[in-house]
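Counting starts at 1 for both ligands and their atoms, in listed order. Computed from heavy atoms alone, side chains included, the values below leave out hydrogens, waters and symmetry copies. We're numbering straight along the sequence, starting at 1.
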Amino acid sequence: MSESRTTPDPEPAFVISDLCKTYVTEAGTVKALRGVNLTIERGETLVLLGPSGSGKSTLLNILGGLDAATSGSARFHDLELVGATTTALTLYRRKSVGFIFQFFNLVPSLTARENVALITEIASDPMAPEEALAMVGLSDRMDHFPAQLSGGQQQRVAVARAIAKRPELLLCDEPTGSLDSESGVQVLEALAKVSRDVGATTMVVSHNAGIAAMADRIIRFRDGGITDISANRQKVEPREMTW
Ligand code: ADP
């Protein structure tokens with residue numbers, strides 16, 4: 001009898017099946033997601049591309065526990081997010097998810113260090129705010145207020161804030177959308193570094209195809225569905241990217 005040499009795949013971070021989201025508003029019904037299927041491996045970086053309105057942010061918000069799906073399944077290890085209670089979703093977000101949005105959402109009256117500390121105070125095994133800020137290259141800006149920092153520096157504070165609780169998932173929605181390309185590259189460099197250092201599974205939504213170069217896999221969206229998934233054979237460091 002031959003010895004089996006197959007090793008079982010490590011458990012994926014997410015298994016998403018037939019995920020649907022319909023928004024019902026006074027203006028009408030919008031099918032934002034029409035049956036999304038995707039398995040996301042632990043530690044991989046996905047870039048989600050597609051035209052505006054194709055459902056990328058909706059998927060990210062559901063996976064981050066910020067929005068509820070209409071039907072289907074999105075399983076994070078043993079936790080089924082579809083139909084989960086508000087309390088379960090709050091605990092999930094607090095423990096497992098770091099968010100980065102297009103607009104940095106820092107508290108203007110708090111320093112960089114204090115903005116990061118806001119999150120580390122409610123996390124169970126956080127790194128020190130100083131360590132998180134050092135990881136994004138802001139050791140010399142810790143006591144600055146947001147208004148004293150450039151847009152790119154503010155976004156790096158947001159990256160430090162997202163990562164300081166060592167989340168398993170890092171969800172980024174247009175993280176460079178309001179930055180010039182040089183600041184954008186610095187933010188993506190910080191993102192790639194912290195994501196690697198804490199081993200986070202990272203999803204980056206963008207309408208900028210240039211960002212795809214940093215992905216392990218590129219997921220393309222159209223009309224609420226995935227049209228293409230491709231492995232990126234030539235993953236590059238953000239500093240080598242141009243757009
Ligand atoms: P993308 O991130 O690809 O730009 P979105 O996920 O934001 O796309 O949007 C998908 C569709 O869902 C769009 O038609 C959008 O207008 C609609 N949509 C998103 N959020 C809401 C909401 N809160 N209420 C109603 N419709 C929404």
Side-chain angles (χ1 to χ4, degrees), residues 13-40 44-76 80-86 89-90 92-93 96-105 151 155 158-159 162 167 169-179 181 184 187-188 191 195 200-230 232 238 241 243:
F14 258 110
V15 180
I16 301 160
S17 320
D18 203 17
L19 195 69
C20 296
K21 173 69 182 180
T22 303
Y23 291 106
V24 182
T25 67
E26 282 177 8
T29 299
V30 179
K31 289 193 172 177
L33 293 179
R34 304 165 182 260
V36 167
N37 294 293
L38 182 65
T39 297
I40 304 174
E44 74 173 332
T45 296
L46 300 182
V47 169
L48 280 58
L49 297 176
S52 180
S54 58
K56 308 179 298 294
S57 300
T58 301
L59 178 63
L60 212 69
N61 290 340
I62 292 171
L63 298 186
L66 291 174
D67 200 354
T70 308
S71 63
S73 166
R75 200 160 44 76
F76 176 75
E80 173 58 63
L81 297 184
V82 181
T85 62
T86 311
L89 289 178
T90 302
Y92 161 69
R93 281 198 307 270
S96 304
V97 192
F99 290 101
I100 296 157
F101 297 104
Q102 177 174 357
F103 301 104
F104 330 123
N105 304 322
Q155 189 64 309
V159 172
L169 271 178
L170 192 54
L171 302 181
C172 317
D173 199 347
E174 298 282 3
T176 63
S178 60
L179 301 174
S181 73
V187 164
L188 294 177
L191 250 181
S195 150
T201 305
T202 303
M203 298 177 74
V204 184
V205 161
S206 182
H207 63 264
N208 179 349
I211 285 181
M214 69 184 282
D216 293 302
R217 286 193 297 159
I218 301 153
I219 318 289
R220 288 196 163 76
F221 274 73
R222 182 171 290 279
D223 294 334
I226 293 175
T227 54
D228 184 64
I229 300 178
S230 54
N232 186 9
M241 291 171 15
W243 67 77

Heavy-atom nearest neighbour in the protein, as seen from atom 3 (O) of ligand 1, with distance rounded to 0.1 Å: K56 NZ, 2.8 Å
Protein residue, atom and distance nearest to atom 1 (P) of ligand 1, heavy-atom basis: G53 N, 3.4 Å
Side chain to side chain contact (heavy atoms under 4.5 Å, CB included) between R220 and S230, intermediate numbers included: CA-CA 9 Å; R220 288 196 163 76; S230 54; 3.9 Å; yes
Atom 7 (O) of ligand 1: the protein heavy-atom neighbour that sits closest, reported with distance to 0.1 Å: S57 CB, 3.7 Å
Under 3.5 Å side-chain donor-acceptor pair for S57 and D173: yes
Residue part near ligand 1, for T58, under 4.0 Å between non-hydrogen atoms: both
CZ (R75) with more than 12 external heavy atoms under 6.0 Å: no
For T25, atoms of ligand 1 separated by under 4.0 Å from a heavy atom: 25 (C)
Proximal atoms of ligand 1 relative to S54 (non-hydrogen, under 4.0 Å): 1 (P), 3 (O), 8 (O)
Identity and separation of the nearest protein heavy atom to atom 23 (N) of ligand 1: Y23 CE2, 3.6 Å
K21 with D67: basic N within carboxylate O range, under 4.0 Å: yes
I16 side, atom CD1; T39 side, atom OG1 - distance, nearest 0.5 Å: 7.5 Å
Atom 15 (C) of ligand 1 - nearest protein heavy atom and its distance: V30 CG1, 4.7 Å
Under 4.0 Å to a heavy atom of P51 - the qualifying atoms of ligand 1, by number: 3 (O)
S73 vs E80, side chain to side chain donor-acceptor pair (under 3.5 Å): CA-CA, chis, key distance, verdict: CA-CA 7 Å; S73 166; E80 173 58 63; 2.7 Å; yes
Residue portion contacting ligand 1 (non-hydrogen atoms closer than 4.0 Å) for L59: neither
Protein contact to atom 12 (O) of ligand 1 [nearest heavy atom, distance to 0.1 Å]: A32 CB, 3.4 Å
Nearest neighbour in protein (non-hydrogen) for atom 8 (O) of ligand 1: G55 N, 3.1 Å
Main-chain N/O of A212 paired to N232 side chain as donor or acceptor, under 3.5 Å: yes
